[in-house]
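Model, not experiment: these values are computed from the prediction.
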Amino acid sequence: MKYIEIPHFGHPQHTLKFEYTEIPFKCDGCKEIGIGSSYKCGLCDYDLHMHCAIPSPSISHPFYTKCSFQFMARPPGNIPRYCNACEKVVTGFVYHCNACGFDLHPCCAKLPMVLDDGEVKLYLYRKVSVPCHRCGRKGRSWSYQSTCRKYNLHVACVKEMLVESWHELYLGQGGGNRKLETRIPSLKGTLLQTHHRKSKGKVQRCCEMAGLALQFVISAVLGDPTTLIAGVIGSLMSRQ
């Protein structure tokens, strides 16, 4: 449920207001990147993903049927902990299973099992046997895979692409005034290397389809799966 304004234990000084932003932010709850729908304190520059702003006290997950995950403001114990979905370190808000020791970032825990816009349908898998379009490996983290099983993206790889792309944009030479579409990382180089023996038309179609897949996964990973923030990426990749 979406509220216009909420209190939050992580920022008791002020209430947080709902807003939509096309500028990437670092969530002050889970410490992961976000974009799109969020809750923010404009006075203190405090931002939260939707899932971090209104967490569930406990959740279950179809990948771990014997687990009960409890929401925690910080990871338990004194040793580094890693998200079982994306394999990235957990440094803030987390869902933790005491019995199994598994951990999930809030946005990873709430990743939709199916992403579907009527044309492209992607299913979330714990493990897949098809190489990732980004890294070329089969294992690693959870993955989104198309119905035809030709398009596969690790959740971890999408996170890495976002961090690399936006780190260069905001901390490098790019500045902060470029259009939204230029902030979205491209898979074109990887796809061309993977399909270098195919005809130009087939490569272009592959890029377009993988671009559509990427836009859905990016939106889901950033905690806002209902917002297709990379709506033009398919056509951009096919033209570059």
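We find the SG-CZ distance between C135 and R137 to be 5.0 Å, quoted to the nearest 0.5 Å. In this structure, the separation between OG on S38 and OH on Y20 is 10.5 Å, given to the nearest 0.5 Å. Here the NE2 atom belonging to H49 is positioned 7.5 Å from the CD atom belonging to E32, to the nearest 0.5 angstrom. Here CD of Q145 is found 10.5 Å from NE2 of H133. Values are rounded to the nearest 0.5 Å. With rounding to the nearest 0.5 angstrom, the SG atom of C52 is 11.5 Å from the CG atom of L16.
Under a hydrophobic clustering in which Ile, Leu, Val, Met, Phe, Trp and Tyr are joined whenever their side-chain heavy atoms come within less than 4.5 Å, directly or via other members, F25 and I33 fall into different clusters. If you chain together hydrophobic residues whose side chains sit under 4.5 Å apart, L43 and F9 never meet in one group. Residues F102 and V155 are members of one and the same hydrophobic cluster, defined by side-chain heavy-atom contacts under 4.5 angstrom among Ile, Leu, Val, Met, Phe, Trp and Tyr. Hydrophobic clustering, with ILVMFWY side chains joined whenever heavy atoms are under 4.5 angstrom apart, groups Y46 together with I54. Residues Y144 and V130 do not share a hydrophobic cluster, defined by chaining ILVMFWY side chains whose heavy atoms lie under 4.5 Å apart.
With sequence neighbours excluded, the residues that form a side-chain contact (heavy atoms from CB on, under 4.5 Å) with E5 are T15, K17. Partners of A85 by side-chain contact (heavy atoms from CB on, under 4.5 Å), not counting sequence neighbours, listed by chain and number: C83, L104, C108, W142. Qualifying side-chain contact (heavy atoms from CB on, under 4.5 Å) partners for K88, counting only residues two or more places apart in sequence or in other chains: C86, H105, R140, A156, K159, E160.
Side chains of F93 and L48 form a contact here, defined as non-hydrogen atoms less than 4.5 Å apart.
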Tell me which donor-acceptor pairs under 3.5 Å the side chains of residues 56-73 have, and how far apart each pair is, sequence neighbours excluded?
residue : atom : partner : partner atom : Å
H61     : ND1  : F63     : N            : 3.0
S68     : OG   : Q70     : NE2          : 2.9

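Among pairs with a residue in residues 90-104, those fulfilling side chain to side chain donor-acceptor pair (under 3.5 Å) read R81-D103, H96-N98, H96-D103, at least two apart in sequence or across chains. Note on residues 45-54: pairs passing salt bridge (charged side-chain N to carboxylate O under 4.0 Å, His left out), not counting sequence neighbours, are K40-D45, K40-D47.
In terms of heavy atoms, S143 sits closest to S141 at OG-O, 3.4 Å. In this structure, C27 and C30 approach most closely via the heavy-atom pair SG-N, 3.6 Å.
Separation of the Y39 and H51 ring centroids does not fall under the 6.0 Å cut-off.
The hydrophobic cluster containing Y82 also includes V89, under a criterion of side-chain heavy atoms closer than 4.5 Å among ILVMFWY residues, counted directly or through chains of members.
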